[in-house]
Amino acid sequence: MKDIKDINTPCYVCEEELLENNLKILDYVQQQSGAKVILALKGFAMHSTFDLVSRYLKGCTASGLHEARLAYEEFKKHNSDAEVHTYSPAYKEDDLREIAKISDHIVFNSPSQLFKYADMVKEINPDVHLSLRINPEVSSSPKDIYNPCGIYSRLGTTLANFDERVLEYVDSLNFHALCEQQVDALEEVLVAFEEKFSKYFKNLKHINFGGGHHITKKGYDVEKLIKIIKDFREKYGVEVYLEPGEAVGWECGYLVASVLDTFKNGIDVAILDTSAEAHMPDTLAMPYRAMVRDSGEAGEKKYTYRFGGNTCLAGDIMGDYSFDEPLKAGDKVIFEDQIHYTFVKNTTFNGIKLPSLAIKRKNGDIEVVKEFGYTDYRDRLS
Ligand SMILES: *Cc1c(COP(=O)(O)O)cnc(C)c1O
């Protein structure tokens, strides 16, 4: 189908051309800086696009066994050189045995986990690269819930907790300290990271700068990022990795929903066949207001509605939006930029149907690649 009007809602539509534009920017960073960019599956894991993604990115970073398997089975099949990097805040032995078989890099969160499992992992996979995640204790992350370097953080090893004996095992160090940030924020983190840890870089092969780099957002200083990476590589003779999630899926598609009902209760209310809680979780967690195509702020256009989800949670509200014409049941509503951190987090809360997944091809065809139904709900519950 070609027309959004014909889509059965709710449905996420990933636009291949926009996704590829992001990938081209990331590839430019790779080409110019010599860094390798890998996809953080936590933010975007629509594997029906991996044929395309794997033409540009060098692999995936996984947060545990399931993501590592997805990287190994669904990404690597398109690109046999693709790398699988796995990091978990802590590993269970059974999972790690499987992870070791399919990962090229394994990142530990603490010296204690590294000492506990390094020999086991090396025995299973002698070629695996080991790394420790560092907490540089500097971050200008805008929200505490997304700040890996906040007070009492469990993510990464601080200098005080660093144990030099890890250097007998690792050939890499990782940090991940940013969230939706510009290159200046990376610069600040690097100052602290180098100040504290560069004395340990001597025998290292790789440094991983984590994710949170808003590289594909308009206005991001890509040239400055390239310079920082080049300087760092030259200074220390190491290979640099970036592992963005959001920057891959940034502004490359939307969520289409339908109006089911409208009525007045002090203000005009519209109920949609989607849910902020179940389908757009970051709008409540961050929180932020998703943009809706052809709408304005409350009161900006003639007809304003409060958009609510089709669940029984009172707070399942997307926000207030205004339109030139009144809305009626059956109208389509398009939430912009709903491809990253959406369907990877969806739930079947309240039994609400999971949105379908579609890809808009370069020729304009919208192809539904996955639909969900009752059994997806039922089978998760017993
Ligand atoms: C979440 C995460 C990423 C990706 O972050 P984005 O903000 O999506 O770029 C990369 N590395 C680690 C360790 C993460 O936890």
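When a ligand or atom number is given, it counts from 1 through the structure's own listing order. For this chain, numbers begin at 1 and follow the sequence in order.
Atom 3 (C) of ligand 1 has as its closest protein heavy atom His176 CE1, 3.5 Å. With hydrogens left out, the protein atom closest to atom 9 (O) of ligand 1 is Gly212 N, 2.7 Å, a heavy atom. Ranking protein heavy atoms by distance to atom 8 (O) of ligand 1, first place goes to Tyr341 OH, 2.6 Å.
Residue contact check: Pro244 has heavy atoms under 4.0 Å from atoms 9 (O) of ligand 1.
The residues Asp27 and Arg55 are annotated as not salt-bridged, no charged nitrogen and carboxylate oxygen being separated by less than 4.0 angstrom.
The proximity of Arg133 to ligand 1, defined as any non-hydrogen pair under 4.0 Å, is limited to the side chain.
Within 6.0 Å of the NZ atom in Lys230, the count of heavy atoms belonging to other residues, nucleotides or ligands does not exceed 12.
For Thr348, the side chain to side chain contact (heavy atoms under 4.5 Å, CB included) partners two or more places apart in sequence, or in a different chain, are Leu354, Tyr377, Arg380.
The backbone N or O of Glu297 lies less than 3.5 Å from a partner atom in the side chain of Ser322, making a donor-acceptor pair.
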For Tyr146 and Glu180, run side chain to side chain donor-acceptor pair (under 3.5 Å): C-alpha distance rounded to whole Å, both residues' side-chain angles, the deciding distance at 0.1 Å, then the answer.
-> CA-CA 10 Å; Tyr146 296 113; Glu180 296 193 340; over 6 Å; no

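Considering both main-chain and side-chain atoms, Gly245 comes within under 3.5 Å of ligand 1 through a nitrogen or oxygen pair. When only interatomic distances are considered, the shortest N/O to N/O separation between Gly43 and ligand 1 does not fall below 3.5 Å.
Criterion: ILVMFWY side-chain heavy atoms under 4.5 Å apart, direct or through other members. Under it, Phe175 and Phe201 are part of a common hydrophobic cluster.
Relative to atom 2 (C) of ligand 1, the option among Glu246, His214, Lys42, Glu243 with the closest non-hydrogen atom is Lys42.
Nearest heavy-atom pair across Tyr91 and Gln113 is N-OE1, 2.6 Å.
Residue Ala247 places no heavy atom under 4.0 Å from ligand 1.
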